[in-house]
K.L.:
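Just dropping this structure here.
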Amino acid sequence: MTVRPIGHREVQELLKEGAVIFDALPPDHYQQRHIPGAINLPLSDVNDGAIAGLERDRPVITYCADNQCDLSPRLAAWLAAKGFTRAYDYVASLDDWTARGLPIEGEHADVATAGNLARDLATCAPNDRLRDIAARLGEDILARVVDGEGVLLGRLWRKDVEALLSDGKGDTAAMGAMHPGPSTFRPDVPIAEMAEWFEGRKIEAFIVTSVDGTPLGALYREDVEGVTAEVGRMHKQHLEHAQT
């Protein structure tokens, strides 16, 4: 039997079909975060009891930490050697899953991240005209410019749109007014890191993207500072309570 490497889309499709997904990482890593429904089967603990009762034609998927980790391909190979005819290795593994903003479970699942706080934002194509884009912005301060595949090409600030409109340049295409190659962050970056990033910078928002360059939303400074302040307040209350 052979193992077939797969990506996140196939993982999601196979799970809908009833596939069993195994997390090959040590228990402490699994407890912190894992793909929903995953069964923890550390490579060091593999045994026949862990797969007892599973039909050998049922799809099984393995994953570990990232594409440099060899635990999942080895676990998948063991499953194939045990007779599973549909064994798959999610090569990019957990880092890829979380960097795409896909759901996770575990003790750290509720940790505030860029993806948790990202707001939806206006979307436009390279040839869309500024006068049309202005109507889509609503209360947003920026829009994303994407290609036909949804990949980020640049960001377009409201202030730039308004300035060009006031100059009578409403027919300008988004491609000609956008800021190409903007800095982006993945959705799994903790808010604590984002707070440090915003500190000392004048930018009020940035775009959160998946690892394939697809925009997931915009993270605003005010949202990050709000969460950081709330965490600080709760920590202070906890300390005060502990001292009484």
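Nothing here was measured: the structure is a model prediction, and the numbers come from that model.
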K.L.:
My understanding is that only residues two or more places apart in sequence, or in another chain, count here; which of them pass ring pair (Phe, Tyr, Trp, His ring centres under 6.0 Å) with W197?
P.N.:
F185, F206

K.L.:
Could you check whether any side-chain N or O of N67 sits under 3.5 Å from a backbone N or O of V91, counting only pairs where one atom can act as donor and the other as acceptor?
P.N.:
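No, N67 side chain to V91 backbone: no donor-acceptor pair under 3.5 Å.
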
K.L.:
Just by modelled atom types, is the G18 backbone N or O under 3.5 Å from a matching donor or acceptor in the R58 side chain?
P.N.:
yes

K.L.:
Give a yes/no verdict on a cation-pi contact between R56 and F84, requiring under 6.0 Å between NZ or CZ and the six-membered ring centre and an angle within 45° of the axis.
P.N.:
yes

K.L.:
Do T209 and R186 pair up side chain to side chain, a donor and an acceptor below 3.5 Å, judged on atom types alone?
P.N.:
yes

K.L.:
Could you check if a side-chain atom of L152 sits within less than 4.5 angstrom of a side-chain atom of D147, using non-hydrogen atoms only?
P.N.:
no

K.L.:
Taking G7's backbone N and O only, do any of them form a donor-acceptor pair with Y88's side chain (distance below 3.5 Å, no angle check)?
P.N.:
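Not a single qualifying donor-acceptor pair exists.
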
K.L.:
Counting distance only, does the side-chain N/O of R221 pair as donor-acceptor with the main-chain N or O of I203 below 3.5 Å?
P.N.:
yes

K.L.:
Which residues pass the side-chain contact (heavy atoms from CB on, under 4.5 Å) test with D171, not counting sequence neighbours?
P.N.:
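Listed in chain order: R131.
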
K.L.:
Got a salt bridge between D120 and R144, using NZ or NE/NH1/NH2 to carboxylate O under 4.0 Å?
P.N.:
yes

K.L.:
Whether the side chain of S72 engages the backbone of Y63 through a donor-acceptor N/O pair (distance < 3.5 Å, no angle test) should be reported.
P.N.:
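No; zero donor-acceptor contacts below 3.5 Å.
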
K.L.:
Answer yes when R4 and D89 have at least one side-chain N-carboxylate O distance shorter than 4.0 Å, and no when they do not.
P.N.:
no

K.L.:
So, using side-chain contact (heavy atoms from CB on, under 4.5 Å) as the criterion, who are the partners of A50 when residues are at least two apart?
P.N.:
L41, N47

K.L.:
Is a side-chain N or O of H29 found less than 3.5 angstrom from the main chain of L25, in a donor-acceptor match?
P.N.:
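Pair absent, no side-chain N/O of H29 close to backbone of L25.
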
K.L.:
Counting only heavy atoms not in R9, do more than 12 fall under 6.0 Å of its CZ?
P.N.:
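Open: at most 12 neighbouring heavy atoms sit under 6.0 Å from CZ of R9.
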
K.L.:
My understanding is that only residues two or more places apart in sequence, or in another chain, count here; which of them pass side-chain contact (heavy atoms from CB on, under 4.5 Å) with T98?
P.N.:
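Testing T98 for side-chain contact (heavy atoms from CB on, under 4.5 Å), a comparison that skips the adjacent residues, returns R33, L94, I104, D188.
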
K.L.:
Donor-acceptor pairs under 3.5 Å, side chain of residues 132-142 to any protein atom, not counting sequence neighbours: which ones?
P.N.:
unit_1, atom_1, unit_2, atom_2, d
R136, NH1, T123, O, 2.9
R136, NH1, D128, OD2, 3.0
R136, NH2, D128, OD2, 3.2

K.L.:
Between atom OG of S93 and atom NE2 of H8, what is the distance when rounded to the nearest 0.5 Å?
P.N.:
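Between atom OG of S93 and atom NE2 of H8 there are 13.0 Å.
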
K.L.:
Between NZ of K82 and CG of D48, what distance do you get to the nearest 0.5 Å?
P.N.:
3.5 Å

K.L.:
For the side chain of T228 and the backbone of V224, is there at least one donor-acceptor N/O pair under 3.5 Å apart?
P.N.:
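Answer holds: yes.
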
K.L.:
Could you go through Y90 and D96, starting from their C-alpha distance and side-chain angles, then the distance that decides it, and tell me whether this counts as side-chain hydrogen bond (donor to acceptor under 3.5 Å, both in side chains)?
P.N.:
CA-CA 9 Å; Y90 178 21; D96 177 71; 2.5 Å; yes

K.L.:
Who pairs with E162 by side-chain contact (heavy atoms from CB on, under 4.5 Å), at least two apart in sequence or on another chain?
P.N.:
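Per chain and number, E162 pairs via side-chain contact (heavy atoms from CB on, under 4.5 Å) with R158.
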
